[in-house]
Structures are given as structure tokens and as C-alpha cells.
Amino acid sequence: MGIPEKIQSIKDEMSRTQINKATEHHVGLLKAKLAKLKREQEDVKSRSSGSSVGFDVKRTGDATLVLIGLPSVGKSTLLNKLTGAKSAVGAFQFTTTTVVPGMMEYRGAKIQVLDLPGIIKGASTGKGLGKRVLAVAKSADLVLIILDVFQPYLEDVIRTELGNIGIRLDQKPPNIVVEKTGDGGISVSQQVSLTKMSISLMKDILRLYGMNNGRVLIREDVDADQLTDFISGNKFYVDSLTIMNKIDLVNQGFLMELQEKSKSKFIPISADSEINVNALKDAIYEKLDFIRIYMRPKGGETDFKEPLIARRNSTVVDICNKLHRDLKKDFRYGLVWGKSVKFGGQRVSINHVLQDEDVLTIVKAK
Ligand SMILES: Nc1nc2c(ncn2[C@@H]2O[C@H](COP(=O)(O)OP(=O)(O)OP(=O)(O)O)[C@@H](O)[C@H]2O)c(=O)[nH]1
Ligand SMILES: [Mg+2]
């Protein structure tokens, strides 16, 4: 049996099996098997076509945000309104055929926005430019899912396509540690108890991925899907916001009904008529969770006027990289005043994690 046939036979079996307490283990393992086969199929495909590489675009700015949506939902119109770029807008589908970057400057942050061609159902399996479009989202800090008021249900299509290529929206990587050992079977230690999957299912999934001996440390109540994600690797954890565009075409009642029916909360806008575009900018800024770092030259005055903008959990090395390419090499130590240290002027290493409004001095080797 080839991979496609194996996939089909598992799908058939899953649809035949009722899900209940007695079959839970069996179904869980089938799902993990399916994920593994899909991954293998993916590997074969990308070896033969090399098509999973995204469009090449240089990342600049403090964060990168990508616009993902079906054709003609208004991605390019929105890029132009957010950044002043001039991406072509057209009343026909597939106007945009490559990645078009713009820079949105907002509250001191520089946010790179990437406009992309529209994707359609099946994009992740190589329809049109789809795979290359989706691949750009893997390394984004934030994905904006853009919907048209008249086709709101297509949100599922986009989420599925992103999921198929390994993008996990609004999730954190599972907090578990897995370590292979030479022998001794699989031993498990739990800091929290597992309620969504049994230990025996967990072990079976690990064995499916070739781990017969090892140590597992459970720090979070993960389910079988999360464990499969973790063990199969190659997953991308990206935040998202959902935007409902073209609200200039409908009335308030229509919108309220839409929000009630919709699974996820969306931000209603009109890119073309510029309704709510500033509220969207605020939402983007908040979601990216920036911190401000005030630089203080050695022996000098702190610059409180123009903070450096960084993502939360940035370290001193991230700040060095923003300032100058070579600074990391010359770094001796840092001095920090603020929330991330116990006392003002504390000496820190290059891996020290900074917090919002910290003051930082970088001391270089002579
Ligand atoms: N009424 C209305 N029309 C809009 C709005 N935003 C975009 N449009 C129109 O929708 C059509 C498609 O807009 P684009 O910005 O080219 O859409 P796109 O998503 O970039 O399309 P592709 O590049 O083909 O994927 C154009 O005719 C726009 O003028 C809006 O907020 N309201
Ligand atoms: Mg476009």
C-alpha cells in the first residue's frame, strides 16, 4: 500500500468507529498515525517539487505581519491603507501574484506588513501559488485572517489550510520535555495530571514515532493532538487576528448577527472606506505585545524620548542585534534598571530577559 491508500484506509476506519470511552485510545492512535502519514506524504512532495519554500522577502522592522485571505477580500486595499504602500487593487480575483511588503509605523513601532496572493481551498496541497503563500505565514509574528462580509464562513477554509502546513494559530508550544534513552522503556513524570489522554495512549504515540525508550516530563495537561504536534516537529506557533472587511456594504444589524453566529471574534472594518482602520492598528499593536527599552549610554543620560521597541521576552542580545550587527561580538555586560532586575544598575548577561520600560546600558569590550 502506498501512502495515499494508507491515509484513506485510516480515514475509513475512523469514520466507521464511534467515539466513546472504549474506543478513545484506538481513535487517538489512529489520529496520530494519520498525522504521521500526512507528514511523510508532505516530505515526499516537497522533495520532488521543492515547493514549500515561501516567497523570499527580507524581514525588517520590529515585527512581521502577514495578510491571508481568499481572493478579492481586500488584502491589498488594506495593506495600502495600513502602510501607504501601492499594491495593485483590482475588482477581479488573483490581482496580487507575489508578496508585496509595506511598513506600518505606529506608536513608535515599525511593523512590516506583507500582502500576499489570495489562497483557495486546497492551497496547502499545492493548488496555485497556495503553498508558497502559506509558507510565508510560518515565520510571521502575526497572521491577519481577512474575510469578506458576504463570505464569512470561509474562515474555516483558511484555518484548515494554515493548519495543514503545520501552523498552529493562537496556541503555545506544548510544555513537555521528551528525552530519548538507550533502554528501560518509557518513564513518565507528571507535574500536572493528564486528563485529556491516558498514559498508555501517550506511550503508544511516542512508540509510533520511534521512541521506545525515554523519559517524559509532563508540565501541562496536553491532549493527543498536542503530543503528536510536539513529537512530529515542524510546527509553527503564530498569533492571529480575524478581520471582517467591506462592512461599508452592510448595516449594523447584519454585522451583529454575523458576530453572534461567528465562532471567533472579529474586528469589523472597511479598508476601502477607512472605517475602523485605526482601531485595527491598535489591536495589532496590542496583540504583538511590544515592550519599550530605554537606552542609557555608559555614564550618560537615559533617552526616554525614543525607546527601542522589542517583542515580549526579548533578551539583551535581541536589543544588541537591533542596534548594530557587530555589537554582540563586542558585548561585555549590561546594566539594567527596572522591572526585570532586583536592584537598579544590576549587571546582567547577554541572555537576560528584559521587561517593559527597562533602562539598559550596554558595556562593550575595549
Ligand atoms: N466595498 C468595499 N470594497 C472593497 C473594500 N476593500 C476592498 N474592496 C474592493 O474589493 C476588490 C478587491 O480588492 P483587493 O484589495 O484587490 O483584494 P485582494 O484581497 O488583494 O485580492 P487578490 O490580490 O486578488 O487576492 C476591489 O475592487 C476593492 O476596491 C471595502 O472595504 N469595501
Ligand atoms: Mg491583492
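In each ligand, atom 1 is the first atom listed, and ligand 1 is the first ligand listed. Quick note: residue numbers are just sequence positions, from 1. Side chains are part of it too, since the values below use all heavy atoms of this structure and drop only hydrogens, waters and symmetry mates.
Counted by atom type alone, N351 and T315 present zero donor-acceptor pairs between their side chains at under 3.5 Å. Side-chain polar atoms of E161 and S124 form a donor-acceptor pair below 3.5 angstrom. For the residue pair S76/T96, the side-chain donor-acceptor check at 3.5 Å is satisfied.
Linking Ile, Leu, Val, Met, Phe, Trp and Tyr whenever their side-chain heavy atoms come within less than 4.5 Å puts M197 and I199 in one cluster. Transitive grouping of hydrophobic side chains (ILVMFWY, heavy atoms separated by less than 4.5 Å) brings F150 and V157 into a common cluster. Cluster annotation: F290 and V316 are assigned to distinct hydrophobic clusters (Ile/Leu/Val/Met/Phe/Trp/Tyr, side-chain heavy-atom contacts under 4.5 Å, transitive). Put simply, F254 and I269 are part of the same group of oily side chains (I, L, V, M, F, W, Y) that touch within less than 4.5 Å, one to the next. There is a path of hydrophobic side-chain contacts, each under 4.5 Å, that joins I10 to I3.
Annotation for ligand 1: atoms under 4.0 Å from non-hydrogen atoms of G118 are 25 (O). Close approach to S270 involves these atoms of ligand 1, each under 4.0 Å from a residue heavy atom: 30 (C), 31 (O), 32 (N). With ligand atoms numbered from 1 in the order given, ligand 1 contributes 1 (N) to contacts under 4.0 Å with heavy atoms of L249. Set against the non-hydrogen atoms of P71, the atoms of ligand 1 under 4.0 Å away are 25 (O).
The nearest protein atom to atom 27 (O) of ligand 1, hydrogens excluded, is given as A91 CA, 3.5 Å; this is a heavy-atom distance. Among all non-hydrogen protein atoms, the one lying nearest atom 7 (C) of ligand 1 is T77 OG1, 3.3 Å. When hydrogens are left out, the protein atom nearest atom 23 (O) of ligand 1 is T96 OG1, 2.7 Å; that is the closest non-hydrogen contact. Regarding atom 29 (O) of ligand 1, its nearest protein heavy-atom neighbour is V89 CG1, 3.8 Å. For atom 5 (C) of ligand 1, the closest heavy atom belonging to the protein is D272 CB, 3.3 Å. Of all protein heavy atoms, the one lying nearest to atom 3 (N) of ligand 1 is K246 CD, 3.9 Å. The protein heavy-atom contact nearest to atom 21 (O) of ligand 1 is S72 N, 2.9 Å.
Under the 4.0 Å criterion applied to side-chain N and carboxylate O atoms, R107 and D282 are assigned as salt-bridge partners.
Counting heavy atoms only, K75 comes closest to atom 18 (P) of ligand 1 of the residues E274, K75, Q93. Of the candidates V73, N276, I269, N245, it is N245 that places a heavy atom closest to atom 6 (N) of ligand 1. Of the listed residues (G90, S273, S87), the one carrying the non-hydrogen atom nearest atom 11 (C) of ligand 1 is G90.
Looking at G74 next to ligand 1, an N or O pair under 3.5 Å apart turns up. Considering backbone and side-chain N/O of D115, none are found under 3.5 Å from N/O of ligand 1. Between F94 and ligand 1, at least one N/O pair is under 3.5 Å apart.
At a threshold of 2.8 Å, the Mg ion (ligand 2) has a backbone or side-chain N, O or S atom of S76 nearer than that distance. At a threshold of 2.8 Å, the Mg ion (ligand 2) has no backbone or side-chain N, O or S atom of S72 nearer than that distance.
Partner S340 forms a side-chain hydrogen bond (donor to acceptor under 3.5 Å, both in side chains) with one of E357, H352, Q355 and no other, that one being H352. With I247 as the partner, the side-chain contact (heavy atoms from CB on, under 4.5 Å) test is satisfied by one option alone out of V149, L258, I267: V149.
When all heavy atoms of S264 and Q259 are compared, the pair lying nearest together is O-NE2, 3.6 Å. Taking both residues in full, the closest heavy atoms of T64 and D141 are given as N-OD2, 2.6 Å, listed atom of the first, atom of the second, then distance.
Residue A271 places a heavy atom less than 4.0 Å from ligand 1.
Under 4.0 Å from ligand 1, the heavy atoms of D248 that appear belong solely to its side chain. When heavy-atom distances to ligand 1 are checked against a 4.0 Å cut-off, T95 comes that close through both its backbone and its side chain.
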